[in-house]
Amino acid sequence: MADKLLAIDGNSLVHRAYWALPTTMMDKEKRHTNAVYGFFTMLFRIVEEYRPTHIAVAFDMKEKTFRHEAFAEYKAGRRKTPDELNEQFPMLKDALDMVGVRYTEQESFEADDILGALTKEAGRRKMESYIFTGDRDELQLIGEHVSVVLTKKGVSETKLMTRETLMEDMGITPGQVTDLKGLMGDASDNIPGVAGVGEKTALKLLGEYGTVENLYEHIEELPKNKLYEKLVNGKESAFLSKQLATIHCDMPLRATLDDFAFGGFSMDGLRAMSEKYSFGSFLKRFSMEAEKKEVEVKAVGLNDLGILEDAVELALYFKGGLHFAVDGESEYLIPQKETLLDEGYDLADILKTVMPLLAGKSIVAHDLKAMEHFCGDGRLTGGTYFDTMLADWVLNPSYPKYDMESVLARSELPACAAGLFALAQRQRGQLEEKELDGVYYDIELPLLKVLYGMEETGVLVSDEELKKLGEKYDAQIEELTARIYELAGAEFNISSTKQLAEVLFEKLGLPVVKKTKTGYSTDVEVLEKLEGKHPIIPYIMEYRTLTKLKGTYVDGIRGLIRDGMIHTTFLQTATATGRLSSVEPNLQNIPIKSAMANDIRSAFPAPEGCTIVSADYSQIELRILADIADDGHLKDAFLKGQDIHARTAAEVLDKDIEAVSKSERASAKAVNFGIVYGISDFGLARNLGITRKKAADYIARYFEEFRGVRAYMDEIITRAHKDGFVRTLCGRIRYIPELASGNYNIRSFGERAALNTPIQGSAADIIKIAMNRVSDALHKGNFESKLVLQVHDELILYAKNDELDQVKKLLADCMEHAMKLSVPLAVNVAEGKTWAEAK
DNA sequence: CTGATCACG
DNA sequence: ACGTACGTGATCAGA
C-alpha cells in the first residue's frame, strides 16, 4: 500500500470541536473535555476514512511568530481563547500520547507552516498527503500530492478539496489563495486586505488578472471608479496581506516524516485514555472496532464467495456501492466497493455473482429500497429483511436526516458492517419495547417493496406537450414582462422580491401591507390586498403564476424525463407524521387547482392500452377525527352521508342543512380545516378575511355543538404534555419535545402538532395499509395493472384496459376497508386517458 | 446557504 | 402579553 500522510492542524480542529460541542461535557474530575472529545471524534472518523500510514498533529506555539514582526496587529482583536479551552490543550496532547499519535510544535511558527513543510517533504517522497483543517487559508498548500480535507459545520462533515474542486468551487488555483486573502483580507486573523473589497470582487479581479502583482501592474487599465480608488488606496495593504497569508513551507523541520509513522491506534491506550477522560461512548466503540479488526483480517476476495453457501447474514447499501458482511462460522467478508474496483472487478459482475447468494437469506440493509434499485428488479426476493433506516425513522420520525452516516452517528456505533448489524439487533428490541413493531413489520417494511415497484414503473410524460406548453408560457411571460416594465416605468427583475418591493412600495408608493423579517412582503396575500390600487398588480400575479408553472412544472419536469418516463423517489423517512414525500421530481404537488393546471396534467397520458385510474378518500381526516373524538354530530353526518361542511354550517348557525348558503358552507369548510390544524381565531380570521372577534365567535359556537371534538382536543394535549409524544391509530409515534418548552410560541406549536399528528398520521396509516393490500391483490389476481403514484389521500394507477372494471372495484374495496372505523371510509374513483381527465 | 414564495394534501 | 393553522419540495435571488 502506498504511504499516506494525514497532517492535522491541531489548533484549528480543537477550536472547531470546542465551539461545536457543549462545555457542559466534563470528566470525572470536572475538567472540561468537549474539545478533546470532539477532536477525537473527528480523528477517528478521518482515520477510518483515509487509513493513513503516517499521522502528524501540528500545534501553534503561544509565542509571537515572524508574522507579528511584519505586522503588529496580526491576529489582534481576536476573541481571547477561553480558559475552558486553553486547559484542554495539555489534556489533548496527553491523550494523543496515550493512543500513539505523534504531535509537533515549533517556536515562532504556526501549525500551518509546519503542515506546509511536512507535506512538501512528503510530496518529494511521492507520498499522498491530506491536510485536515478548518482553515481555508491552507487551501494554498494543495498540490500534486497534497489535498485538503476541510471541516464543515459541526464535527461530522468534511469536504475533500483538490485542485479540481478548488477550481470548481471558487475558480482559483491553490497559488491564488494568498492573492485572494491579499485582496479580501481575513477578519479572523485581522488581515486587512483592501478596504471595501469582498470575496466576490476579489474573485472577479483574480479571474482577470491572476495575481495581486499583475493586478497592480495593470491598475491603470481599470475604469476610474470607486473600486479603482479603493484598490489604489489599499495597495500597500494588499501586498502586506498577501505576504501575511502566505504559508512558509521552507521552515527547518525539527521532526522528520518517519517520526510520524502510524500503525493503528493502541487499543490499550484507547481504553486507558477513554477511561481517564470519561469518554464512555468511545469505550463502547472500541469494543466494536476490535471486533471489526478481526473481520478485516479474515477478509477474502471475491473469488472465494463460493464458500459462503447459506452463510449470508448481512448486506448493506452504501454510497452507491455494496459492502457485504457474511456470517458463516464467524467468518466475515467485507469487500468494499473501492477495493473491488481496484482489483478490476465490474459492479455488474459482482451483483451477478452475489445476488443469487442473497436470495432467501436474512438481509440487513440501510435503505433497502435504494438497494433494490441498485441490484435490479426481483433480485432481492424470498428472504427476510431488515432496514435500519426505516427502523430508525419509525422509532423517532423527527430527525432531519436518516442516511447511514447520520443514523450510525446517533447510535454511537461504528460506521461499518458490524456496527450496522449491531444497530439492527438493538432496533428489533426497541421496536417491540415501544410497541412499534406493528407499524414497522406490518406497514412500512412491506410498503417499501410497493414503493420500489411504483418508482420502477415510473410515470409517462409527453415531452412534446410540455415543450409546446413552455413556449406558450414563455410568450405570455414576455408580454407580461413588457407591460410590467411599462407600468413600472423601469426595467427590473420581477422575480426578485427585493426589486419588486422597491417598485411597488417606493417607486409607485403603494401601501405596505405586511413585512417579512428581511423587508417588505410581496406574497399573494399582499398582492390581493393591493389589487385595484394599481393596474400593475394583476400582471404581477399572472407573471408569478406563469413563471412558477414554467420553472417548476415544465422545465423542471422536462429535465427529468428519461425514455419518455419520469421516476420519482418516494421518501419513506422524511415526515414527522408518517406521510410519504416525493422528490426529483415531486409528483405530489402537480397543479390541480389553478386555471392552467389542466394544461400540465394533460401532459401525463396513460400508456398504450391503459387508462389512468385515480381514487381518493373523501374527507378522510375529518372522518378520522369523528372516530377518535367520538363526536356525535360528526359521526352522524358521515353515517348519513351528508355534506360535512354544510352540516357543520347548519349546526353552528342552527339552521336546516338545506338552508345553508354557499358562503356559509365556505366558512364552515375553513373552520373544519382549522380544527384539524389546531385552530386559532387569528388564523381563521386571516383565512376568511373576517375580524378576529367574529372568528373567535364562530369557533366558540362550533365547540358548543361539537362537544366530542372539544373534549378530544383537551385530552390529547393533556396527554401529550404528560407523555411527551402522541400516537396514531396504528400506534405510530411522534415525540414532541416542543411541548416542554418555556417559550409560549414553541409550546403552542407543539400543542398544535400534538393535535394534528394523530389525524394526519392515521390517514397516512390507512392509505399505506390500502397500498399494501392493493399491491397484494394485483399480484394475487395476476393483474398487469400497476400502482404508480400516491398523493396522501389518493392513489393513481395505470389500469390495463381489459382489467379496468375489476381494478376499479378492487381499488375501492381495498381503500374503503383498509381500516374499520366507527364511520365509513368513502372513496371516489375516476378514470381518464390523461391525468387531467381522471378527476 | 437561507429566505421568500408557491405548488400540493 | 406573547404571535399564530398541520405536513411537504422546488425554484429563484442574493448575501
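Chain A is the first sequence line, chain B the second, and so forth, proteins listed ahead of strands; every chain is numbered from 1.
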Q: Determine: side-chain N/O of A:Thr552 to OP1/OP2 of B:dA7, distance under 4.0 Å, yes or no.
A: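 So the side-chain polar atoms of A:Thr552 never come under 4.0 Å of the phosphate oxygens OP1 or OP2 of B:dA7.
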Q: Just call it for A:Leu755: base, sugar-phosphate, or nothing, with non-hydrogen atoms closer than 4.0 Å on any strand.
A: nothing
Q: Please confirm whether the shortest side-chain N or O distance from A:Asn586 to OP1 or OP2 of C:dA10 is below 4.0 Å.
A: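 A:Asn586 to C:dA10 OP1/OP2: no side-chain N or O under 4.0 Å.
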Q: Could you please name the option among C:dC2, C:dA5, B:dG9 that lies closest to any side-chain atom of A:Ile679?
A: C:dA5
Q: Counting side-chain heavy atoms from CB outward, which of B:dC6, B:dG9, C:dG14 is closest to A:Arg544?
A: B:dC6
Q: Can you confirm whether the side chains of A:Ser614 and A:Glu794 place a donor and an acceptor under 3.5 Å from each other?
A: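 Yes - a donor-acceptor pair under 3.5 Å links their side chains.
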Q: Between A:Asp681 and A:Lys693, is the closest basic N to carboxylate O distance under 4.0 Å?
A: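 Salt bridge: no.
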Q: Is the phosphate of B:dT5, meaning OP1 or OP2, less than 4.0 Å from a side-chain N or O of A:Thr497?
A: no
Q: Looking only at side-chain atoms of A:Ser496, point me to the closest of B:dC6, C:dA13, B:dG3.
A: C:dA13
Q: What's the closest nucleotide to the side chain of A:Pro591 if the choices are B:dC8, C:dA5, C:dT11?
A: B:dC8
Q: So for A:Ser680 and C:dT4, does any side-chain atom that can act as donor or acceptor lie under 3.5 Å from a complementary atom in the base?
A: yes
Q: For A:Arg701 and A:Asp697: C-alpha separation, side-chain torsions, deciding distance, then whether salt bridge (Lys or Arg N to Asp or Glu O under 4.0 Å) applies.
A: CA-CA 6 Å; A:Arg701 276 191 284 163; A:Asp697 195 46; 3.6 Å; yes
Q: Using only side-chain N and O atoms of A:Arg752, determine if any of them is under 4.0 Å from OP1 or OP2 of C:dA5.
A: no
Q: Select one nucleotide: of C:dG7, B:dA7, C:dG3, the one nearest the side-chain heavy atoms of A:Thr577.
A: C:dG7
Q: Answer yes or no: side-chain N or O of A:Gln588 and base N or O of B:dC8 forming a donor-acceptor pair under 3.5 Å.
A: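 No pair found.
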Q: Quick check on C:dA15: is either OP1 or OP2 less than 4.0 Å from any side-chain nitrogen or oxygen of A:Lys498?
A: yes
Q: Can you find a side-chain donor-acceptor pair between A:Tyr617 and A:Asn828 that sits under 3.5 Å?
A: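 No, no side-chain donor-acceptor contact under 3.5 Å.
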Q: What's the closest nucleotide to the side chain of A:Tyr744 if the choices are C:dG7, C:dC2, C:dT8?
A: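 Comparing C:dG7, C:dC2, C:dT8 against the side chain of A:Tyr744, the answer is C:dC2.
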Q: Should A:Ser521 be listed as having a side-chain N or O under 4.0 Å from OP1 or OP2 of B:dT5?
A: yes
Q: Please determine, by modelled atom types, if A:Ser748 and A:Asn745 share a side-chain donor-acceptor pair under 3.5 angstrom.
A: no
Q: Should A:Asn756 be listed as having a side-chain N or O under 4.0 Å from OP1 or OP2 of C:dA5?
A: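 For C:dA5, OP1/OP2 do not have a side-chain N/O of A:Asn756 under 4.0 Å.
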Q: Please tell me which of the listed nucleotides, B:dT5, C:dT8, C:dC2, lies nearest to the side chain of A:Thr522?
A: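 Of B:dT5, C:dT8, C:dC2, B:dT5 is nearest to the side chain of A:Thr522.
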Q: Just name whichever nucleotide pairs with C:dC2, Watson-Crick or G-U, keeping both distances under 3.5 Å, else none.
A: none
Q: Measuring from the side chain of A:Arg692 (C-beta onward, heavy atoms only), which nucleotide among B:dG9, C:dT8, C:dT4 has the closest atom?
A: C:dT4
Q: For a quick check of understanding: with a heavy-atom distance under 4.0 Å over all strands, which category does A:Asn687 fall into, base, sugar-phosphate or nothing?
A: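 Result for A:Asn687 = base.
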Q: I want to check one thing: is the phosphate of C:dG14, taken as OP1 and OP2, less than 4.0 Å away from some side-chain N or O of A:Gln499?
A: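 Yes.
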Q: If you check the A:Lys593 side chain, which of C:dG3, B:dC8, C:dA10 turns out closest?
A: B:dC8
Q: Between the side chains of A:His721 and A:Glu751, does any donor sit under 3.5 Å from an acceptor?
A: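 Their side chains do contain a donor-acceptor pair, which is all the 3.5 Å distance test asks for.
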Q: Where the side chain of A:Lys548 is concerned, which of C:dA10, C:dT8, C:dA13 is the nearest nucleotide?
A: C:dA10
